[in-house]
Number of protein chains: 2
Amino acid sequence: MTEKLAVQRHELILRAVRAHGTVRLPELVELLGVSAVTVRRDVTALADRGLVVRVHGGITMPRHAEPFPRGPQSVVGPAPTHPLVGMVAPSVEYYWPAVIQGAQTAVAAAGGRLVLRASSYDAGEDRRRVHELLDRGVQTLLVAPSTSGRAGVELMRWLGAQTVPVVLVERLPPPELPTIALDAAVTDHAIGAGLAVRHLATLGHRRIGLVTSRQSPHSDAIRAGWTTAVSSLELPFNGVPALDVPTYGSPQWTRAVDQVIDECLSADVHAVLVHADREAIGVLERARDRGLSVPADLAVVSYDDEVAAASDPPLTAVRPQKHRLGALAAQLALARLADPLDRPVHRVVLWPTLTVRESCGTEAGPA
Amino acid sequence: MTEKLAVQRHELILRAVRAHGTVRLPELVELLGVSAVTVRRDVTALADRGLVVRVHGGITMPRHAEPFPRGPQSVVGPAPTHPLVGMVAPSVEYYWPAVIQGAQTAVAAAGGRLVLRASSYDAGEDRRRVHELLDRGVQTLLVAPSTSGRAGVELMRWLGAQTVPVVLVERLPPPELPTIALDAAVTDHAIGAGLAVRHLATLGHRRIGLVTSRQSPHSDAIRAGWTTAVSSLELPFNGVPALDVPTYGSPQWTRAVDQVIDECLSADVHAVLVHADREAIGVLERARDRGLSVPADLAVVSYDDEVAAASDPPLTAVRPQKHRLGALAAQLALARLADPLDRPVHRVVLWPTLTVRESCGTEAGPA
DNA sequence: AACGAAACGATCAGAAACGATCGGGAGCGA
DNA sequence: TCGCTCCCGATCGTTTCTGATCGTTTCGTT
């Protein structure tokens, strides 16, 4: 391992500067075993990306900028003076708090106020909450409505007919209503599932299972992303489990998780993408109960990354950018408020990221 | 150790990169016992699928988000005060001037400067223009590259590997490269075509034809939107012309337009969506030459709305929001510049609008 | 304030890696 | 058997990376 790639040198430089705070250039020359001019070039490249700060004779850590990275880079125009923004979230316990905070931040930055109403994945209740907010006098609405069934379609139609601007959050109009001209900010969960599948494939897994939670609105997109990734990577489908499990804690829950593990064992599947942290943690626990070791016997990627970091072992997880999504939705609403007529429909899609922790190990077992 | 199949080599490459984190290309040549060019091909294939990352001299594991959010926002580089933004547009004569002006406005509003290079729907020239801009020292790039054929894929791959942020304008990565993590701002031309079809349907037309210009990158989307709108409205397809015409002014041009009108007459079609204003004006003129009256005998909706207002009669037209699109793309680029690492991929979709003028009348003739 | 050592930036040259193109051979179906 | 496609290797021109040199700037010491 004599010569090193440029990226390896960069990694070593960053590690050194993290360890010592400041590093002198000759030290790096010795550490990396390359000439001073090369080190200088590496350092310049890193400094260009803002990862280190050059000083005469060496480098230091960058001074952290303001704790909150600038007021939301307005993707949009100016807003009215003190807008009152309503928001209906289907839950305030899971996933949505970060979205709400993001929206809150953006609205506050614009000098407005966010009024929240919690609903519960039910079209009727969604509609009542919207009504309450309209009575309250909100000038624009952020809504994550229920989209299932006929009631969902009906609700969407109703939202599209409102006089105040409505922005959909993590929801899109159903294909039956292709012309509903609502702005929307959504996460591309299919890409997220693909991220997870690719990560597991890089680690050597070829048989990659899927577990989705039955009543989540995101299940379909995740399943679609899993399917396209598996097929575009030319991985096998046959026998690989792709299951739906009922709500965490429901009576059938334990049996369903057992079934997941049974199917994995019998189908020689040692890697699964599990939708929602709670379900993933359940799989983790049940696997341990049955004497399986994670990640050696079963690699798990979770989807959502709400509490994935706190599990044992910490779960590698796909992380939708919830805070940014909320902020984006609020900015869309404010921009629409400032320009209700001419402004065309905006649909913004954010990619999730993958956070690697320990639940997948570094290499597949003896596949 | 005879010859190995491609999949076996890929497996070995993945195993090597898992084991060491990074692998140099000559090492793989020795490991696999094949020539360097073959290894390079294998590596490119794996990188296209997102399983490894290519760097000069070898490959590394895909780098995902950091497991621990170390130093709060440690990498929010100082947003450059006077950013220099490069833009490559495929034309400066049609459609693109408004996009360019939009980008120019947004960049100027941020205190930066936009440097434009015109290309001509050619991958090679696109690449040369990008090169020029990089030499010029631009910090970020707005590009509307050619996406057709192998050269298009190659160009997109190259754009994805640039160190400066690149934002795609009116283009998306091809399905072969699902993991190219570039921001993009695009118009939903399928929705635009649907707008036109629905307008004509509202006026009483049921047999609605389509004319697209052969070499436009938007033709496919417009055709797809026309198809879904016609089928979702349960309008008839049989016998309704859906033609491609060659470039305006080319030798075959007149014949093609005549054919359009012939087919409309013989198929009892009195309404057409024509892609691109020039083509629509051509249809208008030829129809008048042949004694047809617009809109009484033939209702025409144009697509693009560049010069549609100035035709006789003024053309009802689908109008992509070009100015806004350019501004949006520039804002995406500037935001990415301020936060190159943490910021997730943004894909923004704008709907076109429909501008009603006189070329469709107020009601369908005696259909 | 002046001096010398160290660090820096710019430029040039050699080596390695890269992309594009052409040609040969194996496998497959007509 | 012919023709086709796909896969692999060789070659060539270009790009990128690395190290050496030289003149200039910066810093610390006197």
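Chain identifiers are assigned alphabetically (A, B, ...) following the order of the sequence lines, protein sequences preceding nucleic acid strands; residue numbering begins at 1 within each chain. Computed from a predicted model, the values in this text were never measured in an experiment.
Heavy-atom nearest nucleotides on DNA chain C were determined for A:G57 and for B:L25, and the one closer to the 5' end corresponds to A:G57. For A:H56 and A:V34, each mapped to the nucleotide of DNA chain D holding its nearest heavy atom, the one lying further toward the 5' end belongs to A:V34. Remark on DNA chain D: of its neighbouring residues A:R9 and B:T38, the 5'-side contact belongs to B:T38, judged by nearest-heavy-atom nucleotide.
Across every non-hydrogen atom of B:V55 and A:L5, the tightest pair is CG2-CD2, 3.8 Å.
A donor-acceptor contact shorter than 3.5 Å links the side chain of A:R198 to the backbone of B:R49. Using modelled atom types, one side-chain atom of B:Q139 and one backbone atom of B:L84 make a donor-acceptor pair closer than 3.5 Å. Within the 3.5 Å criterion, the main-chain N or O of A:N238 finds a donor-acceptor partner in the side chain of A:R207. Between the side chain of B:E170 and the main chain of B:T187, a donor-acceptor pair closer than 3.5 Å is present. Under a 3.5 Å cut-off, the side chain of B:R129 and the backbone N or O of B:A118 do form a donor-acceptor pair.
Between B:T22 and B:V17, the closest side-chain pair of non-hydrogen atoms is not below 4.5 Å.
The outermost nucleotides of DNA chain D lying under 4.0 Å from heavy atoms of chain B, listed 5' to 3', are D:dC8 to D:dC17. Where DNA chain C meets chain B (any atom under 4.0 Å from a heavy atom), the bounding nucleotides read 5' to 3' are C:dA17 to C:dA20.
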request  = Give the C-alpha distance, both sets of side-chain angles, the deciding distance and a yes or no for side-chain hydrogen bond (donor to acceptor under 3.5 Å, both in side chains) between B:S216 and B:S213.
outcome  = CA-CA 6 Å; B:S216 160; B:S213 54; 4.6 Å; no
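Looking at heavy-atom distances under 4.0 Å, A:V43 makes no contact with the nucleic acid at all. A:V39 comes within 4.0 angstrom of no nucleic acid atom, judged by non-hydrogen atoms across all strands. If you check every strand for non-hydrogen atoms under 4.0 Å, A:R54 touches sugar and phosphate atoms only.
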